[in-house]
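In what follows, every heavy atom counts, from backbone to side chain, and hydrogens, waters and symmetry copies are set aside.
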Amino acid sequence: MPGRIYLDHSATTPLLPQVVGEMSDFLANHFGNPSSIHSYGKDARKYLEIARQNVAQLVNVPPDTIYFTGSGTEANNIAILGLARSLGRGHIITSAAEHPASLRACEHLLKEGFDLTVVEVDEQGAVHPETVHKALRKDTILVSIMLANNEVGSINPIREITGMLFGSQAFLHVDAIQAAGKIRVDAEDLGCDLLSLSAHKINGPKGVGALYKRREILLEGLIHGGGQEQRLRSGTENMPGIWGMGVAARLAAKNWQRNAANWQKLRDHFIGRVLQEVPQSYLNGHPDRRLPHNANFSFDNIEGEALLLHLDLSGIACSAGSACASGSTGPSHVLEAMGLPQSRIQSAVRFTLGHGNTLEEIDYTVEVLKQKCGLLRSMTPFI
């Protein structure tokens, strides 16, 4: 056994050593409040703006269009709730496979008098541009669609969806939290108006996210106070976290193509072996148009959480779905939206690769999967 194996990088990622080092230096030597006008405050402000530049470069936008938040969830909420409340009323479109941070925010707006259409996804978890176009109304103010799905990894055709919005008054929000650092994320090329990011998905710290907002868009802030982040997100900035996110973004912008190529090579090897060597196994999500580190499988006559526990006892950490629905034991809403049978929904396990994973770890994981699937199937009375 090659030691404990972490294959749950879509849940969270370990901090890179360079991020740890630069955050440690920052914590020790730069404690000023960036809103203070003395030298300590000016020092902190300098680092705040460098971090903003680094995040902006990751998604190819001007630095003054990046706003730091307390998480990716908060970024999604500011984008969705903030835009809707600034406009006062209207119709919103999202998809059935969105992250709960977006879905719940959209559903909350129903209580405030907004209309909501939740469009279907296909059997691979992707949104068809024509589906969005058919749902458009004259009073549609916002379309919120993720760039890549957090559970099955399928990548949505955002540029084509943008084209469907031409001539309408609708703004486009893109949740790029899972996509950043894994594939090219260019907000200008995507044509979106708002875009959400999270530090801990790109090997940065937890507790910090960012929102891209086109300059001319007005949002109503969710947190009121001293007016930080250009009065969009009040509260003294989490400077160690923001600096860590900036470092992680800088490294991601520099290295994502090389990293993605390595992860995809390992992932394709993993998928090929599992589908060939583990009987009655299925790949969930698009076979090709998917994040380079994601492999989501279902196994006939297997209970996913039981398999997850057996893998953990063998030193392999993975996921039975999203880690972002705290305490959730219900079936995956993403797999349900894809129309998969309950047997495949209940048996789904998500493996997501990242920094440090090796071919030896992947091959060991396949051998354990073969063993544990055989064991669990021998224990079930339904075979």
Side-chain angles (χ1 to χ4, degrees), residues 1-17 124 148-155 178 181-183 201-203 255-323 335 344 346-380 383:
M1 174 180 171
R4 288 200 61 81
I5 300 171
Y6 186 72
L7 295 176
D8 201 15
H9 288 84
S10 281
T12 195
T13 55
L15 270 69
L16 292 175
Q124 296 168 335
N149 189 268
N150 57 301
E151 291 194 28
V152 298
S154 296
I155 298 171
Q178 286 290 344
K182 314 298 188 307
I183 61 175
K201 305 296 188 181
I202 57 170
N203 301 98
N255 300 319
W256 76 263
Q257 289 177 294
R258 181 182 63 193
N259 292 335
N262 291 336
W263 297 333
Q264 183 168 335
K265 184 177 180 180
L266 289 176
R267 183 208 65 188
D268 290 347
H269 175 78
F270 185 35
I271 291 174
R273 283 203 62 190
V274 170
L275 295 182
Q276 184 175 6
E277 300 178 36
V278 181
Q280 297 174 291
S281 58
Y282 308 89
L283 180 68
N284 298 319
H286 198 282
D288 304 309
R289 198 172 60 246
R290 67 187 300 129
L291 292 175
H293 72 313
N294 178 291
N296 187 304
F297 297 106
S298 290
F299 306 92
D300 278 349
N301 301 301
I302 295 287
E303 205 283 316
E305 291 192 3
L307 179 57
L308 179 68
L309 293 174
H310 277 270
L311 291 170
D312 188 46
L313 290 171
S314 298
I316 301 166
C318 54
S319 172
S322 171
L335 300 183
R344 283 183 62 178
Q346 296 292 345
S347 65
V349 178
R350 180 186 70 179
F351 301 87
T352 44
L353 288 70
H355 287 283
N357 289 137
T358 65
L359 181 61
E360 180 187 13
E361 291 180 337
I362 296 303
D363 284 336
Y364 173 78
T365 300
V366 174
E367 296 303 322
V368 173
L369 265 176
K370 290 159 63 176
Q371 177 189 359
K372 299 305 180 183
C373 284
L375 173 65
L376 289 170
R377 283 170 175 156
S378 71
M379 297 165 60
T380 179
I383 301 179

Out of curiosity, Thr13 OG1 to Asp8 CG, how far, rounded to the nearest 0.5 Å?
11.0 Å

How many angstroms lie between atom CG of Leu16 and atom CD1 of Ile202, to the nearest 0.5 angstrom?
9.5 Å

Those residues at least two apart in sequence (or on a different chain) that pass side-chain hydrogen bond (donor to acceptor under 3.5 Å, both in side chains) with Gln264 are none

How far apart are the closest heavy atoms of Ala348 and Leu335, and which atoms are they?
CB-CD1, 3.3 Å

Between Phe297 and Ile271, is a side chain to side chain contact (heavy atoms under 4.5 Å, CB included) present by the stated rule, with each step listed?
CA-CA 9 Å; Phe297 297 106; Ile271 291 174; 3.9 Å; yes

Side-chain contact, heavy-atom cut-off 4.5 Å: Pro292 with Ile183?
yes

When rounded to the nearest 0.5 angstrom, what distance separates CZ in Phe270 from CG in Leu369?
5.5 Å

For Lys182, the option from Arg290, His293, His9 that meets side chain to side chain contact (heavy atoms under 4.5 Å, CB included):
His293

Find out whether Arg377 and Pro279 are in side-chain contact, i.e. whether some heavy atom of one side chain is under 4.5 Å from a heavy atom of the other.
yes

How far apart are the C-alpha atoms of Asn284 and Arg344, what are their side-chain angles, what is the distance that settles it, and do they pass the side chain to side chain contact (heavy atoms under 4.5 Å, CB included) test?
CA-CA 9 Å; Asn284 298 319; Arg344 283 183 62 178; 2.7 Å; yes

Can Leu7 and Thr352 be said to form a side chain to side chain contact (heavy atoms under 4.5 Å, CB included), step by step?
CA-CA 5 Å; Leu7 295 176; Thr352 44; 6.0 Å; no

Quick check: does any side chain N or O of Arg350 sit under 3.5 Å from a backbone N or O of Gly153, one acting as donor and the other as acceptor?
no

All heavy atoms of Ile302 vs all of Cys373, minimum pair found to be CD1-O, 3.6 Å

Minimum-distance pair of heavy atoms, taken over all atoms of Val349 and Cys318
CG1-SG, 3.6 Å

For residues Leu375 and Met379, determine if any side-chain heavy atom of one lies less than 4.5 Å from a side-chain heavy atom of the other.
yes

Scanning both residues in full, the closest heavy-atom pair of Trp263 with Gly181 reads CZ3-O, 3.8 Å

Leu353 CG to Asn259 CG distance, which is reported to the nearest 0.5 Å:
12.0 Å

Step by step, would you call Val274 with Phe299 a side chain to side chain contact (heavy atoms under 4.5 Å, CB included)?
CA-CA 10 Å; Val274 170; Phe299 306 92; 4.0 Å; yes

Given side chains that start at C-beta, do those of Tyr364 and Thr358 come closer than 4.5 Å, heavy atoms only?
no

Closest heavy-atom pair and its distance - Leu283, Ala295
CD1-CA, 4.4 Å

Mind checking the CG-CD spacing from Asn149 to Gln124? Nearest 0.5 Å is all I need.
12.0 Å

Restricting to non-hydrogen atoms, name the atom on Asn296 and the atom on Val152 that form the minimum distance, rounded to 0.1 Å.
ND2-CG1, 4.0 Å

Measuring only between side-chain heavy atoms, which start at C-beta, is Gln178 closer than 4.5 Å to Glu151?
no

Please check: side-chain N/O of Asp363 versus main-chain N/O of Glu360, any donor-acceptor pairing under 3.5 Å?
no

Checking the side chain of Asn203 only, and the main-chain atoms of Pro14 only, is there a donor and an acceptor separated by less than 3.5 Å?
yes

State whether the side chain of Lys370 and the backbone N or O of Thr365 hold a donor-acceptor pair below 3.5 Å, judged by distance alone.
no

CG on Asn262 to NZ on Lys265, rounded to 0.5 Å
8.0 Å

